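None of the values given here were measured: they were computed from a predicted structure.
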Amino acid sequence: MISMEILDDILLKVEKPARYIGNEQNSIVKDLNKVDTRFAFAFPDIYEIGMSHLGLHILYNLLNKENDIYCERVFAPWIDMEDLMRKNNIPLYSLETKTPLYEFDFIGFTLQYEMSYTNILNMLDLANIPVLSKNRKEHHPFIIAGGPCAYNPEPLWDIIDFFVIGEGEKSTLEILKLYREWKKENKNKEDFLDRVSKLEGIYVPSLYDVSYKTDNTIEYMEPKKETYPKKIKKVIIKDLDDIYYPEKMIVPYIETVHDRVVLEVFRGCTKGCRFCQAGMIYRPVRERSFNNLVELAKKLVEVTGYDEISISSLSTGDYSQLDRLVKTLMEEFKDKNVALSLPSLRLDTFSLEVIEEIQKIRKSGLTFAPEAGSQRLRDVINKGINEDDLIRSVKDAFGLGWSTVKLYFMIGLPTENKDDVMGIKDLAYKVKDVFFNLPKEKQKGNLKITASSSCFVPKPFTPFQWFGQNSVEEFYEKIHMLKNNIKDRKITYNYHDPKLSYLEAVIARGDRRISKAVYKAWENGCRFDGWAELFDYDKWIESFKQADIDPEFYAVRQRDYDEILPWDFIDVGVTKEYLIKENEKAMNEELTKDCRLGCTNCGISTTFTGGVCK
Amino acid sequence: MIKIRGKFIKEKHLKYIGHLDMMRLFDRAFRRSNIPISYSQGFNPQPKISFATALPLGVESYGEYFDVELKEKMDIIKFINALNNQLPDCIKILKAVYVEDKKSIMALIKWSTYIAEVKLINKMSKQELVKQIDYFMNLEEILITKEKQKKGRTKKTRIDIRELIKKLDILDYDDKKIIFKTTLKTGSEGNLKPTVLINSIDEYTNIKLNKDSIKIQRLELFIENDGNIIPPI
């Protein structure tokens with residue numbers, strides 16, 4: 001254990017030392033003599049980001065409910081802390097008991113975004129644990145990973161011992177149960193990997209072989225033994241009300257990204273936007289019941305003392321009882337000054353009534369995500385919103401006194417042309433006109449419109465998984481076009497760095513060979529790649545060269561339908577046939593309806609039951 | 001107006017929590033405790049809690065103060081217990097009283113007493129240390145350079161801090177370290193941080209100090225009453 005005296009010598013020299021001390025309200029303290037399995041939940045980014053992640057709170061409390069398991073937390077130390085830790089030979093430690101990570105049984109990383117991968121390598125290294133799986137010995141912990149990016153696990157195949165595909169609440173307990181049995185038998189790690197590979201949703205990459213064709217595409221991928229599963233099926237929880245939801249949440253001392261109670265109203269999404277990975281991999285939609293949510297909200301406010309509840313999901317406006325939930329919660333908490341926020345409201349479900357309820361307490365800026373500038377392109381991506389919806393919503397909002405509007409777009413979507421790009425500008429100007437066409441006395445506040453564009457990154461398990469991403473140059477052309485044309489002091493145009501999106505695309509659809517580039521990049525000093533101030537594109541390009549990899553092959557190459565994709569061995573329930581059909585419809589600008597209105601045959605209901613697909 | 005003035009300690013790892021984060025911590029602790037505190041009016045209602053003075057990051061304190069307004073009166077012992085139940089182990093309410101005082105605690109504070117432990121670079125005899133401190137305290141003026149950011153430029157001004165030091169004693173020392181006890185001006189009429197004092201001792205005397213390893217504790221805050229210096233409650 002690392003003593004507080006040692007830490008006292010360095011903590012005052014770093015920015016935000018409270019990131020590294022633990023001991024927060026509702027964090028869990030256990031007697032180490034009474035636990036037999038120690039699990040470190042590792043988030044490969046800084047504390048403030050990791051602590052805002054709902055999955056952490058769920059898994060942390062779920063595992064700690066078991067008397068003989070102790071789950072602790074660890075985050076990536078910021079560079080100032082890393083520097084001092086290395087200088088003073090302090091290994092990466094858990095926040096709860098300040099135990100070096102190499103003493104744990106498991107280190108479980110959550111993969112939320114590709115650009116956090118180098119941090120995983122760096123955290124292992126900081127913990128004095130060999131970065132590559134094959135170099136780790138019997139006494140080292142198992143390094144495991146889950147989360148949305150684990151749906152294409154291959155870019156980390158030689159770092160992570162095994163991956164958990166799907167919703168970790170179920171698998172993790174099963175893994176730990178198996179682990180305890182295995183530990184009693186005194187067998188080696190290889191034996192454990194063999195056994196764990198038979199659990200549903202577990203992928204052990206070292207048990208599989210991949211071979212490539214001369215054109216660099218995959219020839220085959222197969223298990224080394226007959227007994228290993230050929231397909232890895234994701235694990236889901238059928239009924240959200242049955243599944244554990246924490247009645248306690250750790251309350252950080254310092255301000256985090258989401259510093260509030262998070263209430264998960266449902267999982268999955270029925271909209272079927274064709275660019276969206278979450279909308280495909282988290283199917284089927286499963287709602288938590290109204291009564292359950294109200295009870296949870298009360299308990300969570302009571303144990304945290306937070307002054308805000310965020311009603312969260314992929315598309316909160318779709319929650320079947322949203323109006324009732326909002327009204328009930330507002331009434332419940334009005335004396336305690338607890339505000340509500342609805343971060344994922346969509347235009348088409350944007351209800352005036354809901355906004356008015358929320359407005360009674362606090363007024364923040366409004367955010368809309370039309371995603372594409374033209375109706376044609378919105379149809380391609382199946383974002384079932386039309387301009388009239390947007391204009392009406394914006395008009396209502398202005399009428400109610402809002403004056404700050406943010407509009408989110410993507411550039412580089414499939415079939416995009418110049419008119420589509422300029423549509424972003426047009427829409428922003430139309431929103432401005434809505435404001436100034438209101439009668440003078442209704443124009444409240446100082447109008448501020450922000451239009452932001454991110455660069456589209458094609459993701460596995462979406463209808464656009466075959467699409468060749470725009471090149472960095474194409475992205476810049478489009479950005480310049482918008483920059484040069486949006487000239488209005490009421491409208492600000494922001495854009496994301498295309499270079500970052502390019503790398504994201506390489507890794508997101510990478511195969512096993514990408515792992516080498518990630519390793520090289522880390523060796524060359526890359527970490528916190530998602531942070532603009534530390535992102536070093538040239539170092540990455542150099543790393544690809546050293547790993548003998550052509551990043552263009554992964555980012556901008558259009559794939560054929562019959563190509564074996566690196567993630568094809570994972571079964572998310574949504575079939576490849578459905579994805580192909582959706583991609584074809586996209587090219588024909590055809591819409592697919594919300595599947596709450598009738599099944600669209602994505603395949604999920606044949607393999608998984610639960611939620612709206614019963 | 002129903003107002004309670006409370007005294008609390010903040011120690012151990014909680015010294016790494018800055019002033020703003022501590023204010024949020026109290027806000028949440030009050031909400032969990034169900035103590036009926038008052039909120040300001042408007043779109044973004046804020047709890048009516050005010051703290052005497054900001055404690056620098058890394059400093060432990062055994063005498064911090066706050067004022068809080070309540071919607072209705074409650075038993076003071078119940079108030080203390082309810083709040084302590086919701087505060088982390090290293091923050092503890094020691095004492096609380098109802099006050100009629102219209103003035104906020106912030107405006108009342110004039111002095112702080114600190115203990116500062118610093119590593120010595122050179123070994124010195126006690127006699128010599130005392131002589132050096134006497135010399136320091138007898139200086140007519142002690143000038144320090146204060147840097148201020150103004151329109152992106154750094155503006156340097158020299159200010160005299162002698163009047164801001166009321167007392168400076170050597171509490172203990174050995175070959176490696178020295179422990180000072182000092183009373184320094186605090187609040188809106190003038191404020192001196194103990195780290196600035198340590199730097200000045202290093203600059204103006206022969207006592208050479210390792211400024212990277214200063215451990216500071218605040219012992220008490222003081223108000224002035226008819227020329228007397230007394231604790232706020």
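B:Tyr16 and A:Asp8 are linked by a side-chain donor-acceptor pair at a separation below 3.5 angstrom, with hydrogens and angles left out of the test.
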| task | Show the numbers, then the answer: is there a side chain to side chain contact (heavy atoms under 4.5 Å, CB included) between B:His13 and A:Tyr253? | result | CA-CA 11 Å; B:His13 64 269; A:Tyr253 287 122; 4.0 Å; yes

| task | Could you walk me through whether B:Arg32 and A:Gln25 pass side chain to side chain contact (heavy atoms under 4.5 Å, CB included), step by step? | result | CA-CA 11 Å; B:Arg32 292 195 298 267; A:Gln25 175 86 20; 3.0 Å; yes

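The CG atom of A:Asp307 lies 9.0 Å from the CZ atom of B:Arg24; values are rounded to the nearest 0.5 Å. Interatomic distance, A:Lys13 NZ to B:Ser213 OG, rounded to the nearest 0.5 Å: 8.0 Å. Atoms CG and CG, on A:Asn23 and B:Asp89 in that order, are 8.0 Å from each other to the nearest 0.5 Å.
For B:Lys215, no part sits under 4.5 Å from any heavy atom of chain A, backbone or side chain. In this structure, chain A has a heavy atom under 4.5 Å from the side chain of B:Leu25, while its backbone stays farther away. Contact annotation for A:Leu11: both backbone and side-chain heavy atoms come within less than 4.5 Å of a heavy atom of chain B. Within the 4.5 angstrom heavy-atom criterion, only side-chain atoms of B:Asn34, from C-beta onward, approach chain A. If you measure heavy-atom distances from A:Lys16 to chain B, you find no contacts under 4.5 Å at all. Only the side chain of B:Leu14 comes within contact range of chain A, with heavy atoms under 4.5 Å apart. Contact annotation for A:Glu255: both backbone and side-chain heavy atoms come within less than 4.5 Å of a heavy atom of chain B.
Scanning all heavy atoms of the two residues, the minimum distance from B:Ile17 to A:Ala18 falls at CD1-CB, 3.7 Å. Of all heavy-atom pairs between B:Gly58 and A:Leu12, the closest is CA-CD2, 3.4 Å. Residues B:Arg28 and A:Asp259 share a closest heavy-atom pair of NH1-OD2, 4.1 Å.
In B:Lys193, the NZ atom is not crowded: 12 or fewer heavy atoms of neighbouring residues, nucleotides or ligands sit closer than 6.0 Å. In this structure, B:Lys92 places its NZ atom where only 12 or fewer heavy-atom neighbours from other residues, nucleotides or ligands lie under 6.0 Å away. Counting non-hydrogen atoms of other residues, nucleotides and ligands closer than 6.0 Å to NZ of B:Lys208 gives a total above 12. Taking a 6.0 Å sphere around CD of A:Glu15, one finds it holds more than 12 heavy atoms contributed by other residues, nucleotides or ligands. Annotation for B:Lys71: atom NZ counts as buried by contact number, over 12 foreign heavy atoms lying within 6.0 Å.
Heavy-atom pairs under 4.5 Å with chain B were tallied for A:Leu7, A:Asp9, A:Val251; the largest tally goes to A:Val251.
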